[in-house]
Amino acid sequence: MLTGAGVGRGAGIGPVVRVSPAPVAPTDEQAPADREATAARATAAFDDVAAALRAQADGAEGAAVAVLQATAQMAQDRALRTKVLARIADGEPPVAALDAVVKTFVDMFTAAGGMLLERVTDLRSVRDRVAAHLLGVPVPGVPQLTGPAVVVAEDLAPADTAALDLRHVVAIVTEQGGTTSHTAIIAGQRSIPCVVRVTGALDLEPGTVVAVDAASGTVEVDPGPEVAEAFAERARLAAQLAEDTSAGATADGVPVGLLANIGTAADAERAAGTAVEGVGLFRTEVLFLERTTEPTREEQAAVYAEVLRSLGGRKVVVRTLDAGADKPLAFATQPDEENPALGVRGYRLVRTAPELLETQLAALADAQRETGIEPWVMAPMISTPDEARDFATSARAHGLTTVGVMVEVPAAALRAEAILAEVDFVSMGTNDLAQYVMASDRLRGELSDLISMWQPAVLDLVAATARAGQQAGKPAGVCGESAGDPVMAVVLVGLGVTSLSMSSGSVPAVRFAVSRHTQEQARAVAAAALGARSATEGRAAAVAALSPEVAALLGA
């Protein structure tokens, strides 16, 4: 039995399929005889990789779209190409030149830490794809699948995860990575059982049958028939829960909005066909990431209107542009930021490119007028009441009437009462909030215990924000990945959170868990988690306080 950190609650059994290794520069790689021709070949390789990633993005959905577009943009990065071509011009073999330049950027990103560290896996993925083109070998990654498979890798680039053939992928197991990485988020959104940080995963021989249980974070080798029976029963229960389309509420009738996270108009259309009460997080940066120029007001308005129409009048919470750090924009990224995660990102772009927000707000207002449907709008990375007031003033000047902000920065949680005096609602982004509270990079697997949403210090700030919402009589939701964990969902409701936004596939289990607890019982579960000394003890205490029916049926 191997153990790691699970993503989601899925489970599956199948044979191991190993990811193809990255191409290695030959030890006898020759210096280019024709340097100009070699440089042209390298340029073409970068172009081909970028085009392939863009094509993947066109057929992807949800968070995968933004990740693929960002990775394609990395393959087009001028600095990366220029440095590689310069080394080739000096007579260095092409793959060796590529390796040297990528190593320089990897070292730079690693030293910078924060969200830039998340791009290391993407950068190495670009390197591997370009190297394969230069060497004339197959692109590394998941081989073509012809039947059920458990994909096993040291780590899996988000671009590879997004390209997985869902007809055959039973589960994903990685030896590295983290539960809040882009790859993990995509796996969760696509309902692929995933366990990361599994020591010994690379020792699994191809073809070995394993049982992957994301709920328990385990990988069992050669499982017996009883494991398959248990997994089948869980699948039956999940299908049964999905038949419940009632509005989210506690057992004593306290409403809890159950909403979907989306990134594109296509996501909105898919979410509209599920039992959700609307959208709690529309990540609009997907419209911006692959472009070299800002989308026009008309282009943006057309997409926003399409999303509003798709939901048919249901609540749609639009997050304004959350760019910078791990989501750079060619037309707005700040050069030479030493720590982009603590730099000009999210709402802070008004300091350097205020026209981006003004155009976006105008486009949202245009969509509102065209459809007759009023969106909710919120700004990311708000740190002070003054920032909240300035954003609200700008949004309302455009005719947008329901205005809120994200609580991702500890300062915003601590001053939630003052911030709520300026806006109509708040929504907590728990991934970033945990990262900033615990000063821990999301991809540092060795710090996964610190980055956990179950950390009492993180829950303290969520509780403070929810309490401020109750006192102000204004909504305080959660749109981080933690909202999709049914045990955590009960805790959040007990803390006073009014809505939960997640991947659509997570809604049935969350609806079930919340509906089987009264508000008072949920408060008791939350109190148990808050009273713990550590993240591990906090979750265990919450599970022990759950309704026995919920704990048993969810396998908590």
**Study point:** Side chain to side chain, Val170 and Val212, heavy atoms closer than 4.5 Å
**Key:** no
Review point. Is there side-chain contact between Met488 and Val491, with heavy atoms separated by less than 4.5 Å?
Key: yes
Test of understanding: with salt bridge (Lys or Arg N to Asp or Glu O under 4.0 Å), list the residues that count as partners of [X], not counting sequence neighbours.
| X | value |
| --- | --- |
| Arg467 | none |
| Glu549 | Arg516 |
| Glu387 | Arg351 |

Review point. Will you find, in the side chains of Asp252 and Thr250, an N or O donor that is under 3.5 Å from an N or O acceptor?
Key: yes
Review point. Got more than 12 heavy atoms from elsewhere within 6.0 Å of CD, Glu537?
Key: yes
Practice item. Might you confirm whether atom CD of Gln176 has over 12 heavy atoms from other residues, nucleotides or ligands at distances under 6.0 Å? Key: yes
Exercise for review: Run the numbers on Thr218 and Asp213 for side-chain hydrogen bond (donor to acceptor under 3.5 Å, both in side chains), then give the verdict.
Suggested key: CA-CA 5 Å; Thr218 59; Asp213 188 348; 4.6 Å; no
Check your understanding: Do any N or O atoms from the side chain of Glu417 and from the backbone of Ala468 form a donor-acceptor pair under 3.5 angstrom?
Key -> no
Review point. Which class fits the ring pair Trp376 and Phe425: parallel under 30°, tilted 30 to 60°, perpendicular over 60°?
Key: tilted
Practice item. Assess whether salt bridge (Lys or Arg N to Asp or Glu O under 4.0 Å) is satisfied between Asp424 and Arg396, documenting all intermediate values. Key: CA-CA 11 Å; Asp424 304 307; Arg396 290 167 182 153; 3.2 Å; yes
Exercise for review: Show your working on side chain to side chain contact (heavy atoms under 4.5 Å, CB included) between Asp485 and Trp454 and close with a plain yes or no.
Suggested key: CA-CA 11 Å; Asp485 176 347; Trp454 289 98; 4.0 Å; yes
